[in-house]
Amino acid sequence: MHSSVLDTGKPIEEILENPAAKHAGTHGLAAFFEFDEPAKSSTILVENMFDPKTAFSDNPVHTPIQRAFKHDLTLYEWFELPENAYRRRRFGIGMMGLAAMEGNEILSEFDWTVFPKGSVVVDVGGGFGASAKFLATHAPHVNIIIQDKPEVTTAGIRAWQGHSSDLLESKRVIFQSHDFFDPQPVKQPAGFILKSIIHNWGDSYSLKILTHLRAAASPDTKLFIVGVILQYLCPSSNDSETSPEPLLPSYGAHGEHQYMLDMAMMTVFNAREHTTDSLSALLRKAGWEIDAIRGTLMGVQLTVASPIVSDN
Ligand SMILES: C[S@@+](CC[C@H](N)C(=O)[O-])C[C@H]1O[C@@H](n2cnc3c(N)ncnc32)[C@H](O)[C@@H]1O
């Protein structure tokens, strides 16, 4: 790794004077590359995989991170402890850096004009509303509901009052507290967005989230999943796109970011990045089928799915 990615852009004197605020007000990429939780946890991955209690579990408190850091909390619960204030802040700033690097432009791969004016799109687990902010400009005829935990929606509203209060006042964008493990309160919207959500949860948990969305969907509701799609290292008959010879289907070392994320999801959440096949199988169990996957193999991709409608 180049040391330049660890550079916050701040003078060393400023960091030494206030180390706790090292990443405050930075672009966030240095914070992202400083995350030590996945790296330290991965050193104990083998022990976790050989212990019968944790080997086959997708419970987020049965991951290597609990062994490595000696606690029995989920990553987010652990971040909330007072002694982890630096880690918590670093994580928030690092995720903003990652989000800026990935961007939200992938959402423009869908033709939003197919939705009538006033259609509602729900960003489930939408955080501070980065996707919603992009969509509000890109598809001005669509209304957006951003759902997240109460503490996140409260902070999100505060942030939007600073930069986009007009969208809140006109109710084109609404923040709503909602736990995505509970039944979905918005019935038959035009679409649901899940950005960087499914890869944080093991399959049994993801299935619950997707099933609640399916129960609230109309036959025309679209599901938009934004995230990395893992490429196989060997050619697969199901690949919609292949790399040019002589590159591996994964594009070799150039595509290693996706595998790094996959390992990180396993070590801290007992979750994973999905291949097209595993995502398709998971969606089908919840009553969704994939219409299309857009984007390049090298970045985040947009998976568009529709409800499976049975004839009987
Ligand atoms: C990795 S972040 C992604 C945020 C946003 N979708 C984005 O891409 O910027 C995961 C989000 O899921 C939210 N979350 C976690 N558990 C949740 C739950 N049970 N119900 C609703 N939101 C939850 C977190 O608060 C966080 O905002």
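Atoms within each ligand, like the ligands themselves, are counted from 1 in listed order. Just the heavy atoms: all of them, side chains too, but no hydrogens, waters or symmetry mates, feed the values below.
For residues 24-35, the set of pairs meeting the salt bridge (Lys or Arg N to Asp or Glu O under 4.0 Å) definition, not counting sequence neighbours, comprises K22-E34, E34-R90.
Between F110 and W112, the ring-plane angle classifies as perpendicular under the 30° and 60° cut-offs.
Side chain of N270 to backbone of S57: a donor-acceptor contact under 3.5 angstrom is found. Between the side chain of K10 and the main chain of D7, no donor-acceptor pair closer than 3.5 Å is present.
Remark: R89 engages no residue in a salt bridge (charged side-chain N to carboxylate O under 4.0 Å, His left out) (not counting sequence neighbours). For N48, the side chain to side chain donor-acceptor pair (under 3.5 Å) partners two or more places apart in sequence, or in a different chain, are R67.
Closer than 4.0 angstrom to ligand 1 sit non-hydrogen atoms from G125, G126, G127, D148, K149, V152, H178, D179, F180, F181, K195, S196, I197, N200, W201.
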